[in-house]
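Reviewing the structure listed below.
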Amino acid sequence: MTTTSVPATPARRVGRLRLAAVIMRAGLRSQLANRADFAMAVANGVTYQITVLLFATVIFSRFPSLGGWGLGEILLISSIRMLGHGLYMLFFGNLGLIPHLLREGRFEAFRTRPAPVLLQVFTYEAPINALGDLVVAGASLTVCLSLLDITWTPAALVFLVVAVAAATVIELGLNLHIAGLVLRFRGSESLFFWLDNTAGNFGNYPLSVFPVFLQGAFTFGVPIAFAGYYPAAWLTGHADAVPFSPVLVHLSPLVALLAVLSGLAVWRRCLAWYSRNG
């Protein structure tokens with residue numbers, strides 16, 4: 001099946017956005033219709049993130065400091081990452097549903113509607129469990145700020161906001177790569193779970209506690225260190241002790257931009273392949 005590309009005029013763009021809004025509202029209404037399902041979705045998000053924090057608490061009950069980082073400082077790493085993850089799940093988390101949409105044959109309908117396929121995926125349903133992620137991340141940030149002695153100048157506050165936004169976009173970019181691969185190579189959907197587990201297991205701790213090859217992998221390969229560790233290093237005064245170069249603490253926005261542009265390129269290429277061969 002092939003599709004014909006039609007130039008997007010301003011009126012057509014508005015129409016596409018309205019269609020996406022209608023789809024998103026319909027998905028939200030369907031989920032809110034069953035309060036038990038809604039509550040369970042929120043509880044799932046809360047439970048998973050609390051499990052991550054409990055694991056960190058157990059670690060700190062045995063080791064009060066990791067790589068020269070205290071509890072509050074490490075909580076800042078995880079809080080930035082979890083806030084970014086929660087925002088990613090809220091706005092873009094439906095990327096993980098693409099394998100399900102393909103199996104159910106629903107993905108085909110997206111290509112026949114006058115709206116970008118990716119936008120329809122993002123608005124397919126309201127990811128309610130993201131609310132639980134954000135609640136726990138906000139609580140974690142509140143606790144860690146009470147433990148830290150940081151002077152919150154306007155520059156530091158802007159840096160924190162930008163760091164959270166960059167963490168969101170980095171996760172989006174990495175998952176766009178996987179979503180494209182799912183279209184091209186069936187069976188690659190397990191990469192969604194691999195990325196989520198890798199970020200949860202390694203992205204919440206100082207990079208310096210890991211072997212050098214993992215430091216390089218999480219900096220230059222799968223850059224989850226920029227979704228929490230490097231920004232937190234600048235905020236907590238650890239910039240001079242980060243691996244490779246202190247310059248890295250300022251590069252999260254650039255890494256986010258490169259990740260999402262690369263992810264979009266992979267997505268478009270694989271979607272074009274799917275349109276010809278799917």
Side-chain angles (χ1 to χ4, degrees), residues 1-34 37-38 41 44-45 84-131 133-134 165 168-193 195-196 256-257 259-278:
M1 178 179 177
T2 59
T3 57
T4 303
S5 177
V6 178
T9 64
R12 186 171 286 112
R13 292 193 190 100
V14 172
R16 289 176 175 179
L17 291 175
R18 286 177 177 172
L19 176 60
V22 169
I23 296 171
M24 190 172 186
R25 284 198 299 269
L28 180 59
R29 283 197 299 268
S30 67
Q31 290 192 282
L32 292 177
N34 190 322
D37 288 347
F38 175 85
N44 284 340
H85 174 72
L87 290 172
Y88 162 78
M89 289 299 299
L90 184 63
F91 295 108
F92 312 112
N94 286 340
L95 277 176
L97 296 179
I98 287 181
H100 168 73
L101 295 172
L102 289 169
R103 285 193 298 269
E104 297 293 325
R106 299 181 184 182
F107 190 79
E108 293 296 325
F110 292 164
R111 299 193 300 123
T112 64
R113 296 172 182 164
V117 172
L118 198 54
L119 181 61
Q120 294 182 71
V121 171
F122 290 154
T123 56
Y124 174 69
E125 68 177 28
I128 302 300
N129 61 317
L131 299 179
D133 294 337
L134 289 170
T168 304
V169 177
I170 288 170
E171 188 163 353
L172 169 60
L174 295 176
N175 278 284
L176 279 171
H177 285 84
I178 297 174
L181 292 176
V182 169
L183 294 181
R184 182 66 176 81
F185 304 103
R186 302 298 170 84
S188 55
E189 60 192 69
S190 60
L191 290 174
F192 282 121
F193 302 103
L195 177 61
D196 189 51
L257 178 62
V260 78
L261 289 177
S262 176
L264 285 171
V266 171
W267 167 262
R268 289 166 182 159
R269 186 183 182 99
C270 292
L271 181 61
W273 180 93
Y274 180 86
S275 297
R276 294 192 302 268
N277 304 284

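Only heavy atoms go into these numbers, but all of them, side chains included; no hydrogens, no water, no symmetry mates. Residues: numbered from 1 along the sequence shown.
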For residues 174-181, please give each side-chain donor-acceptor pair under 3.5 Å, one per line with the distance, not counting sequence neighbours.
{"residue": "N175", "atom": "ND2", "partner": "Y88", "partner atom": "OH", "Å": "3.4"}
{"residue": "N175", "atom": "ND2", "partner": "E171", "partner atom": "O", "Å": "2.8"}
{"residue": "H177", "atom": "ND1", "partner": "G173", "partner atom": "O", "Å": "2.7"}
{"residue": "H177", "atom": "NE2", "partner": "S262", "partner atom": "OG", "Å": "2.7"}

Smallest heavy-atom separation, N94 atom then E125 atom, equals ND2-O, 2.8 Å
Got a second to check how far R269's CZ is from L271's CG, nearest 0.5 Å? 13.0 Å
Which distance, rounded to the nearest 0.5 Å, do you find between the CZ of F107 and the CG of L183? 4.5 Å
Atom NE2 of H85 and atom CG of L90: how far apart are they, to the nearest 0.5 Å? 11.0 Å
Can you name the nearest heavy-atom pair linking L119 to T123, along with the distance? O-OG1, 2.9 Å
F110/I98 under side chain to side chain contact (heavy atoms under 4.5 Å, CB included): CA gap, chis, key distance, verdict: CA-CA 11 Å; F110 292 164; I98 287 181; over 6 Å; no
For R184, give me all partners under side-chain contact (heavy atoms from CB on, under 4.5 Å), at least two apart in sequence or on another chain. C270, W273
One pair to check against side-chain hydrogen bond (donor to acceptor under 3.5 Å, both in side chains): Y274 and R111. What are the steps and the verdict? CA-CA 11 Å; Y274 180 86; R111 299 193 300 123; 5.3 Å; no
Intermediate values then yes/no, side chain to side chain contact (heavy atoms under 4.5 Å, CB included), T168 and F91: CA-CA 9 Å; T168 304; F91 295 108; 5.7 Å; no
From M89 CE over to L95 CG, what is the distance, rounded to the nearest 0.5 angstrom? 9.5 Å
Give every residue pair that meets the salt bridge (Lys or Arg N to Asp or Glu O under 4.0 Å) criterion with at least one member in residues 93-105, sequence neighbours excluded. R103-E189
